[in-house]
Number of protein chains: 4
Amino acid sequence: MEKVASEKIIVEAALKVFSTKGFAEARMADIAKEANLSYGLIYHYFENKEKLFDAIVENWWKTFYDELEMLKKSASATKEKLVEIIKFMMNAYTATPSQMSIFVAEVSRGFIYHSSPRGKDKFRKLFNLCEDIIREGQVRGTLRADIQSNYLTYVFLGAIDTFLSVMILGNETLSKTREKRIIESLTTVFLHGAEAEAEH
Amino acid sequence: MEKVASEKIIVEAALKVFSTKGFAEARMADIAKEANLSYGLIYHYFENKEKLFDAIVENWWKTFYDELEMLKKSASATKEKLVEIIKFMMNAYTATPSQMSIFVAEVSRGFIYHSSPRGKDKFRKLFNLCEDIIREGQVRGTLRADIQSNYLTYVFLGAIDTFLSVMILGNETLSKTREKRIIESLTTVFLHGAEAEAEH
Amino acid sequence: MEKVASEKIIVEAALKVFSTKGFAEARMADIAKEANLSYGLIYHYFENKEKLFDAIVENWWKTFYDELEMLKKSASATKEKLVEIIKFMMNAYTATPSQMSIFVAEVSRGFIYHSSPRGKDKFRKLFNLCEDIIREGQVRGTLRADIQSNYLTYVFLGAIDTFLSVMILGNETLSKTREKRIIESLTTVFLHGAEAEAEH
Amino acid sequence: MEKVASEKIIVEAALKVFSTKGFAEARMADIAKEANLSYGLIYHYFENKEKLFDAIVENWWKTFYDELEMLKKSASATKEKLVEIIKFMMNAYTATPSQMSIFVAEVSRGFIYHSSPRGKDKFRKLFNLCEDIIREGQVRGTLRADIQSNYLTYVFLGAIDTFLSVMILGNETLSKTREKRIIESLTTVFLHGAEAEAEH
DNA sequence: AATGAATGAGACTTCATTCAT
DNA sequence: TATGAATGAAGTCTCATTCAT
């Protein structure tokens with residue numbers, strides 16, 4: 001078999017196993033079995049379990065950064081950008097739920113345990129990119145400026161994160177209709193609040 | 001030493017170790033050393049590592065449920081109730097940051113893996129309690145009814161969760177002033193949205 | 001069983017296995033089996049295979065240094081001291097052939113591979129101690145001064161080393177008579193040379 | 001590439017790796033990398049790691065035997081022969097230090113383990129050849145006969161071995177002057193002893 | 001002749017848990 | 001109640017060797 005094929009199969013298998021059992025409970029043997037390859041081969045391509053995991057995560061971060069970076073630079077209105085972020089996350093979930101699951105469960109968790117300072121930096125970068133967009137919205141007068149930009153960011157990202165968590169938890173598939181409703185709900189609540197119109 | 005004392009010391013130590021390294025990386029030996037007790041003794045009080053962890057988590061959940069339960073039944077206005085939830089979480093963080101850290105990292109992230117089906121149920125219960133309060137707010141006309149109650153719940157809890165995550169990540173202490181500002185921000189955004197007033 | 005007992009048993013077993021198979025071929029399982037203990041216990045006392053090996057070697061070096069140090073300081077004549085060194089080595093072989101075997105085979109070998117600079121230092125220390133005694137002999141006029149002291153040391157130690165190697169190789173036991181003959185031979189050749197008297 | 005070329009490259013690489021890390025720590029992959037060849041190719045030429053090692057050692061032994069054999073048969077005086085042996089070893093070190101390093105570390109130390117009974121035989125043969133020359137010296141009246149011929153052999157070979165060990169350890173290069181001095185010292189001490197002339 | 005992907009036995013090591021004291 | 005020595009299942013990883021190309 002060619003090199004590229006096997007490596008991809010391994011990554012695919014690892015993705016599945018990691019997302020199902022979590023990093024700690026995932027066994028290299030599980031991954032090998034899932035990939036239908038000897039586990040020796042995994043070490044041919046990846047130094048060890050952690051490096052294999054990192055490779056997967058790294059890949060995810062790259063895609064994510066690229067998207068945010070692009071959005072940040074785009075000429076769209078702030079609201080558009082926020083919607084795009086949500087869309088991107090939802091699509092990512094639909095396309096590769098395992099990857100999203102790892103992201104939500106392992107990466108967020110992992111960065112809390114200050115084991116890897118790199119992890120923290122990754123997160124900060126993500127936060128910062130998002131915050132930049134939100135701050136831009138404040139400057140433009142689209143978003144309220146009486147609340148710190150980082151606080152707004154927390155609410156925004158936290159909301160998305162929880163939606164994803166729930167979807168992952170329920171192993172839910174995302175119909176176009178449902179995706180649309182989620183995006184609308186999220187946007188509406190984030191922008192206009194949860195309070196009933198009447199009270200305004 | 002008396003029974004109660006040792007048991008408490010163990011729990012305290014476990015709390016610290018679990019919150020620092022996470023469940024998977026926490027070693028019974030670490031806990032014993034932290035507690036300055038032999039690790040044989042841990043097994044006097046707790047059947048095994050998981051039970052020890054559960055004991056800690058259980059304790060936390062109980063406090064949380066009780067609070068939510070109480071809030072749910074209280075006669076307060078919905079807004080009050082929501083503020084109380086936030087307050088409760090922030091206070092919990094201030095009082096026992098390790099417990100909060102475990103909650104956020106292990107429970108609110110780790111529950112994704114089907115390994116502990118109990119975890120899921122706990123979470124659903126929490127969601128449900130919170131959703132009940134929110135649904136009540138919708139019925140009462142305080143909260144908008146055009147968005148599913150569970151969606152509103154996700155945004156609300158997700159926002160809190162992320163605030164906590166960031167605080168845990170930064171190992172931040174929470175001054176009264178800061179707590180107040182966070183509560184206000186969270187409430188404001190959740191209720192009135194992030195959009196600039198001008199646009200209304 | 002008490003702590004000290006088990007640790008000693010492990011060391012004893014390790015000594016046997018290492019001396020029989022060499023470090024590389026020695027299996028932790030072999031040692032455990034030889035000690036009639038679970039291999040987990042070995043790790044209770046020693047961090048890993050290398051540390052276990054080091055502990056054994058360290059112990060040997062200490063005994064050896066102490067002896068040489070003592071000899072160096074003693075008021076004996078140089079010849080006496082040299083005889084004592086030989087005696088010490090022969091006795092060490094008789095008392096603990098495995099230890100001697102490890103010393104000759106593994107330590108001498110290991111120090112060639114510059115893996116552990118500590119190893120080199122140990123050897124240098126040994127050489128130096130011996131050289132000090134020999135230099136003292138030169139100063140006193142007992143040993144010829146027209147040959148570098150280190151060269152004399154090499155011949156002296158090399159000769160002993162080879163005697164030991166041969167004994168280990170043949171798994172020989174050392175009768176008092178034989179020991180005496182070896183000491184005499186070694187001393188005679190080293191001091192007076194191998195040339196036939198006639199030629200003097 | 002032609003057959004002979006590759007085989008030679010492999011042997012050369014193996015020589016380097018074995019001499020640097022020792023047999024146990026040498027990896028087939030290291031050798032392949034050193035040779036700039038795939039490791040599959042090594043197995044074209046050598047059955048396995050041990051055979052590869054043996055091939056190298058065998059080659060060395062053969063040269064050595066041939067030399068000793070020739071010397072043994074030569075009409076030279078005993079002293080001449082001994083000097084020739086020393087010279088041969090020193091030259092061998094200068095010409096191929098790696099080979100010498102392997103010889104000293106792996107063969108002359110490693111033969112202790114019964115793992116390779118062939119090793120023992122080789123050594124005995126070497127000893128015997130050398131002893132033959134020494135015994136001849138005793139018969140001729142050149143060397144003292146009151147000490148067992150094998151004992152004399154041990155001292156002689158041991159001294160050389162240690163000189164080599166020290167040189168290998170120090171990664172020393174051997175100038176002609178230094179070589180001469182070593183040969184002289186070794187010969188002098190071996191023949192006339194280390195005792196000061198005055199005492200005779 | 002040459003490659004390097006693929007294999008898998010087997011080594012080391014970890015660590016939750018038991019148990020004699 | 002308390003200790004920590006003892007256990008061994010189970011995991012990670014290594015690396016000589018094979019084999020399809």
Side-chain angles (χ1 to χ4, degrees), chain A residues 1-7 10 24-32 35-52, chain B residues 1-7 24-33 35-52, chain C residues 1-7 10 24-32 35-52, chain D residues 1-7 10 24-33 35 37-52:
Chain A
M1 206 181 294
E2 344 138 50
K3 183 169 174 147
V4 188
S6 289
E7 190 166 347
I10 290 170
E25 292 303 309
R27 302 283 154 251
M28 290 304 260
D30 296 337
I31 296 173
N36 237 319
L37 287 167
S38 72
Y39 47 89
L41 194 61
I42 303 180
Y43 290 92
H44 202 73
Y45 295 103
F46 302 93
E47 213 176 312
N48 54 38
K49 191 179 166 184
E50 200 149 343
K51 287 280 169 60
L52 171 57
Chain B
M1 210 180 291
E2 341 138 52
K3 183 171 171 140
V4 189
S6 287
E7 189 166 349
E25 291 303 308
R27 304 283 154 251
M28 291 303 261
D30 296 336
I31 297 172
K33 183 179 271 183
N36 242 319
L37 287 168
S38 73
Y39 44 92
L41 195 60
I42 302 180
Y43 288 89
H44 247 288
Y45 296 104
F46 303 94
E47 207 178 317
N48 55 35
K49 190 181 167 184
E50 199 148 343
K51 288 279 168 61
L52 171 57
Chain C
M1 206 180 294
E2 345 138 51
K3 183 169 174 147
V4 187
S6 289
E7 190 166 348
I10 290 170
E25 292 303 309
R27 303 282 154 250
M28 290 304 260
D30 297 337
I31 296 173
N36 238 319
L37 287 167
S38 73
Y39 46 88
L41 195 60
I42 303 180
Y43 291 90
H44 202 73
Y45 295 104
F46 302 93
E47 213 175 312
N48 54 37
K49 191 179 166 184
E50 199 149 343
K51 287 281 170 60
L52 172 56
Chain D
M1 208 179 290
E2 339 138 53
K3 181 169 173 140
V4 189
S6 287
E7 189 167 349
I10 290 170
E25 291 303 307
R27 304 284 153 252
M28 291 303 261
D30 296 336
I31 296 172
K33 183 180 270 182
L37 287 169
S38 73
Y39 45 92
L41 195 59
I42 302 180
Y43 287 89
H44 248 288
Y45 296 105
F46 302 94
E47 209 176 317
N48 54 36
K49 190 181 169 185
E50 199 148 345
K51 287 279 168 63
L52 172 57

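Since this is a predicted model, take the numbers as computed values, not measurements. Here is how names work: the chains are called A, B, and so on, in the same order as the sequence lines, proteins then strands, and each is numbered from 1.
Straight-line distance from the CZ atom of C:Phe46 to the P atom of E:dC12: 16 Å, rounded to whole Å. As a whole-Å value, the separation of B:Ile31 CD1 from E:dT17 P is 11 Å. D:Ile10 places its CD1 atom 12 Å from the C1' atom of E:dT3, with the value rounded to the nearest Å. As a whole-Å value, the separation of A:Leu41 CG from F:dT18 C1' is 14 Å. Distance A:Glu7 CD to E:dA6 C1': 14 Å, rounded to the nearest Å.
Evaluation of the salt bridge (charged side-chain N to carboxylate O under 4.0 Å, His left out) test over residues 37-49 of chain A, restricted to residues two or more places apart or in two chains, returns A:Glu47-A:Lys51. Annotation: salt bridge (charged side-chain N to carboxylate O under 4.0 Å, His left out) contacts involving residues 35-46 of chain C, sequence neighbours excluded, are absent.
Remark: C:Tyr45 is not in phosphate contact with F:dA5, judged by side-chain N or O atoms under 4.0 Å from OP1 or OP2. Side-chain N/O atoms of D:Ser38 include none lying less than 4.0 angstrom from OP1 or OP2 on E:dG4. Distances shorter than 4.0 Å separate none of the side-chain N or O atoms of B:Ser6 from OP1 or OP2 on F:dT1. For E:dA5, one of the phosphate oxygens OP1 or OP2 lies less than 4.0 angstrom from a side-chain nitrogen or oxygen of A:His44.
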* **Reading 5' to 3' through nucleotides 9-14 of chain F, protein heavy-atom contacts under 4.0 Å coded B for base, S for sugar-phosphate only, - for none** => BBSSBB

* Asked: So what is the 5' to 3' dot-bracket string for DNA chain F, if pairs are Watson-Crick or G-U wobble with both distances under 3.5 Å, crossing pairs use [ ] and | means the partner sits on another strand?
  -> .||||||||||||||||||||

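The side chain to side chain contact (heavy atoms under 4.5 Å, CB included) search around C:Tyr39 returns C:Ala32, C:Ile42, not counting sequence neighbours. Residues satisfying the side chain to side chain contact (heavy atoms under 4.5 Å, CB included) test with B:His44, not counting sequence neighbours, are B:Leu41.
Nearest heavy atoms, C:Ile10 versus C:Tyr45: CD1-CD1, 3.6 Å.
Mapping D:Ile42 and A:Ile42 onto DNA chain E via the closest heavy atom, the residue that lands nearer the 5' end is D:Ile42.
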